[in-house]
Participant: 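Quick one: the structure is below, and I'll ask about it shortly.
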2 protein chains.
Amino acid sequence: MKIGELAVRTGVSIRSLRYYDEQGLLTPIRRENGYREYSPFAEEQVRTIQLYLNLGLTTEQIASFLHCVLTIKEAFCKEVFPVYRQKLAEIEAQILQLQNIKMNLEERMQSILDERKTSGPED
Amino acid sequence: MKIGELAVRTGVSIRSLRYYDEQGLLTPIRRENGYREYSPFAEEQVRTIQLYLNLGLTTEQIASFLHCVLTIKEAFCKEVFPVYRQKLAEIEAQILQLQNIKMNLEERMQSILDERKTSGPED
DNA sequence: CTATACCCTGACATTAATGTGAGGGTCAAG
DNA sequence: CTTGACCCTCACATTAATGTCAGGGTATAG
């Protein structure tokens, strides 16, 4: 199928499909006229790519194990687990930092409310 | 004082101080030779700017209330609270999304461990 | 005078996936 | 042959604070 059809089927933009091609994630064959020709399996492959992107993985990370997970079960692709482990560590660090900022913000908002109450309405 | 001295005193790079100037956060007077001349109060102002940047606020948001908080108490600058409220909402949304990804990652990692265990070492 | 240590502006790079537009080729229906 | 709906590549824009470099001015110590 052509790129436009794959885009409609998957809900992924033509631009993104071309980007996946560029990044080596999903490389269609080319017709004589230069058009990308996708196999029927491409639809599932796009969904797989989207799944990993939604986990916050980069195209580079996905590319490092995509061929394997499309071939055999994810559990037996040895590149996957380390990527997950690293991503999990990053996520946890980010959550901690955001929780720090959140507490900080909440304290400052409470202080503002307290100070306004202490001072009271002026009229 | 000149920009280099302020940079050393605050630990903020010269590049960033020029950026704060450009963004209207901290505008020094100029000597006849064009050099930025910072008042002694600039040091505290830089620390204030850093404090808000560390809360994840943008220079634009900071600029919207910085003059006020440098003049009177933060609690009585009415622009501050809405900015905090909005930032808090953003942070909470980000934390939720990260927690979703985190759960997803943990489940997938557990699945991998389970499947490997089920299959067992092949030798 | 010169070396050195400052200062200035302007501009590009950084991240990563996606949007958007220009300029142009392909193809099928009319 | 023309129109319209596709497709192609190339390239710039997006976010936001900061790093870095080029090219050049200033000021002080020797």
Side-chain angles (χ1 to χ4, degrees), chain A residues 1-38 42 45-64 66 83 86-87 90-91 93-94 97-98 101, chain B residues 1-38 42 45-64 66 83 86-87 90-91 93-94 97-98 101:
Chain A
M1 79 191 87
K2 286 183 289 183
I3 195 170
E5 186 182 345
L6 183 59
V8 169
R9 281 177 187 263
T10 60
V12 170
S13 74
I14 290 177
R15 177 67 177 89
S16 293
L17 294 176
R18 292 202 184 111
Y19 181 67
Y20 300 159
D21 183 5
E22 195 180 55
Q23 300 300 305
L25 285 181
L26 179 52
T27 306
I29 61 177
R30 295 296 184 124
R31 296 189 187 180
E32 283 193 356
N33 60 16
Y35 288 13
R36 289 172 180 80
E37 178 66 26
Y38 289 93
Q45 295 180 27
V46 170
R47 298 193 200 287
T48 301
I49 292 169
Q50 288 288 300
L51 181 153
Y52 290 124
L53 283 176
N54 287 336
L55 286 177
L57 303 186
T58 67
T59 54
E60 190 181 359
Q61 290 174 316
I62 298 170
S64 75
L66 183 62
V83 172
Q86 186 195 331
K87 189 68 198 175
E90 289 172 18
I91 296 277
Q94 287 170 19
Q97 193 184 354
L98 289 176
I101 295 177
Chain B
M1 80 190 86
K2 285 183 291 185
I3 195 170
E5 185 182 345
L6 182 59
V8 170
R9 281 177 187 263
T10 59
V12 170
S13 74
I14 289 177
R15 177 67 178 87
S16 294
L17 293 176
R18 293 202 183 112
Y19 182 66
Y20 301 160
D21 184 6
E22 194 180 54
Q23 300 301 306
L25 286 182
L26 179 54
T27 307
I29 60 176
R30 295 297 185 124
R31 296 188 186 181
E32 282 193 355
N33 59 17
Y35 287 14
R36 290 173 179 81
E37 177 65 26
Y38 289 91
Q45 295 180 27
V46 170
R47 297 193 200 289
T48 302
I49 291 169
Q50 288 288 299
L51 182 153
Y52 290 123
L53 284 175
N54 287 335
L55 286 176
L57 303 186
T58 67
T59 54
E60 190 180 0
Q61 290 174 314
I62 298 171
S64 74
L66 183 62
V83 172
Q86 186 196 331
K87 190 68 199 176
E90 289 172 18
I91 297 278
Q94 288 171 18
Q97 193 184 354
L98 289 176
I101 295 178

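In the text below, chain A, chain B and the rest are named by the order of the sequence lines, each starting its count at 1.
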Participant: Whole Å only: how far is the CD atom of B/Gln61 from the P atom of D/dT15?
Facilitator: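 It is 14 Å, rounded to the nearest whole Å.
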
Participant: Does C/dC8 have OP1 or OP2 sitting under 4.0 Å from an N or O in the side chain of B/Asn33?
Facilitator: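 Answer no for this pair, as no side-chain N or O of B/Asn33 is under 4.0 Å from OP1 or OP2.
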
Participant: B/Ser16 side chain N/O closer than 4.0 Å to the phosphate oxygens (OP1, OP2) of D/dA17?
Facilitator: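 For D/dA17, OP1/OP2 do not have a side-chain N/O of B/Ser16 under 4.0 Å.
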
Participant: Please list, pair by pair, any protein nitrogen or oxygen found under 3.5 Å from a nitrogen or oxygen in nucleotides 4-7 of chain D.
Facilitator:
unit_1 : atom_1 : unit_2 : atom_2 : d
D/dC7  : OP1    : A/Gly4 : N      : 2.7

Participant: Can you tell me, in whole Å, how much space there is between the P of C/dT15 and that of D/dC10?
Facilitator: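 C/dT15 and D/dC10 have their P atoms separated by 22 Å.
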
Participant: Using atom CG of A/Asp21 as one end and atom C1' of D/dC10 as the other, report the distance to the nearest whole Å.
Facilitator: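 Rounded to whole Å, this separation is 15 Å.
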
Participant: Considering non-hydrogen atoms only, spot the tightest contact between B/Glu37 and B/Met1 and give its length.
Facilitator: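 Closest heavy-atom pair between B/Glu37 and B/Met1: OE2-N, 2.7 Å.
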
Participant: Does a salt bridge link B/Glu5 with B/Lys2, judged by any charged N lying under 4.0 Å from a carboxylate O?
Facilitator: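 No.
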
Participant: When you get a sec, tell me which of C/dT18, D/dA16, D/dG19 is the closest nucleotide to the side chain of B/Ser13?
Facilitator: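 The nucleotide sitting nearest to the side chain is D/dG19.
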
Participant: Tell me: OH of B/Tyr20 to C1' of D/dA17, nearest whole Å?
Facilitator: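 One finds 8 Å between C1' of D/dA17 and OH of B/Tyr20, rounded.
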
Participant: Which nucleotide, C/dC12, D/dA17, C/dG19, lies nearest any side-chain atom of B/Arg15?
Facilitator: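 The closest nucleotide is C/dC12.
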
Participant: side-chain hydrogen bond (donor to acceptor under 3.5 Å, both in side chains) between B/Gln94 and B/Glu90: does it pass, once the steps are laid out?
Facilitator: CA-CA 6 Å; B/Gln94 288 171 18; B/Glu90 289 172 18; 4.8 Å; no

Participant: If you define the side chain from C-beta out and look only at heavy atoms, does anything of B/Leu53 sit under 4.5 Å from B/Tyr20?
Facilitator: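 A side-chain contact exists here, since the closest heavy-atom pair is under 4.5 Å.
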
Participant: Please name the residue in the list A/Leu25, A/Ile49, A/Leu6 that meets the side chain to side chain contact (heavy atoms under 4.5 Å, CB included) test with A/Leu17.
Facilitator: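 For A/Leu17, the side chain to side chain contact (heavy atoms under 4.5 Å, CB included) test succeeds with only one of A/Leu25, A/Ile49, A/Leu6, which is A/Leu6.
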
Participant: Counting only side-chain N and O atoms of A/Tyr19, is one of them less than 4.0 Å from OP1 or OP2 of C/dA17?
Facilitator: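 So the side chain of A/Tyr19 is within the cut-off, an N or O lying under 4.0 Å from OP1 or OP2 of C/dA17.
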
Participant: My understanding is that only residues two or more places apart in sequence, or in another chain, count here; which of them pass side-chain hydrogen bond (donor to acceptor under 3.5 Å, both in side chains) with B/Tyr38?
Facilitator: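 Expected list: none.
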
Participant: When the P atoms of D/dT9 and C/dA16 are compared, how many Å lie between them, rounded to an integer?
Facilitator: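 These two P atoms come out 24 Å apart once rounded.
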
Participant: What are the two closest heavy atoms between B/Ser13 and B/Ala7, and how far apart are they?
Facilitator: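 Between these two residues, the closest heavy atoms are C-CB, 4.4 Å.
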
Participant: Please tell me if A/Thr59 has a side-chain N or O lying less than 4.0 Å from either OP1 or OP2 of C/dA16.
Facilitator: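 Checking C/dA16 against A/Thr59, no side-chain N or O comes under 4.0 Å of OP1 or OP2.
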
Participant: Within a strict 4.5 Å, meaning less than it, do heavy atoms of the B/Arg36 and B/Arg30 side chains meet?
Facilitator: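 B/Arg36 vs B/Arg30: side chains touch.
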
Participant: Looking at C/dC27, C/dT9, D/dC8, which one has an atom nearest to any side-chain atom of B/Arg30?
Facilitator: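 So the side chain of B/Arg30 is nearest to C/dT9.
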
Participant: Atom CD of A/Glu32 to atom C1' of D/dC8: distance rounded to whole Å?
Facilitator: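 The answer, rounded to whole Å, is 16 Å.
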
Participant: Can you check the A/Gln23 CD to C/dA17 C1' distance for me, whole Å?
Facilitator: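 Result: 9 Å.
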
Participant: Quickly work out the A/Gln94 CD to C/dT15 C1' distance and round it to whole Å.
Facilitator: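 Taking atom C1' of C/dT15 as the reference, CD of A/Gln94 is at 13 Å.
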
Participant: Figure out the CD/P separation between A/Glu60 and C/dA16, and round it to whole Å.
Facilitator: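 Taking atom P of C/dA16 as the reference, CD of A/Glu60 is at 8 Å.
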
Participant: Which dot-bracket string fits DNA chain D when only Watson-Crick or G-U wobble pairs with both atom distances under 3.5 Å count, crossing pairs get [ ], and | stands for a partner on a different strand?
Facilitator: ||||||||||||||..||||||||||||||

Participant: Whole angstroms only, please: what is the CD-P distance between B/Glu22 and C/dT9?
Facilitator: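 These atoms are roughly 9 Å apart.
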
Participant: Treating A/Lys87 as the side-chain partner and A/Gly56 as the backbone partner, does any N or O pair qualify as donor plus acceptor under 3.5 Å?
Facilitator: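 Yes; judged by distance alone, with no hydrogens or angles, the pair exists.
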
Participant: Quick check: closest heavy atoms across A/Ser16 and A/Val12, and the distance to 0.1 Å?
Facilitator: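 Heavy atoms of A/Ser16 and A/Val12 come nearest at CB-CG1, 3.5 Å.
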
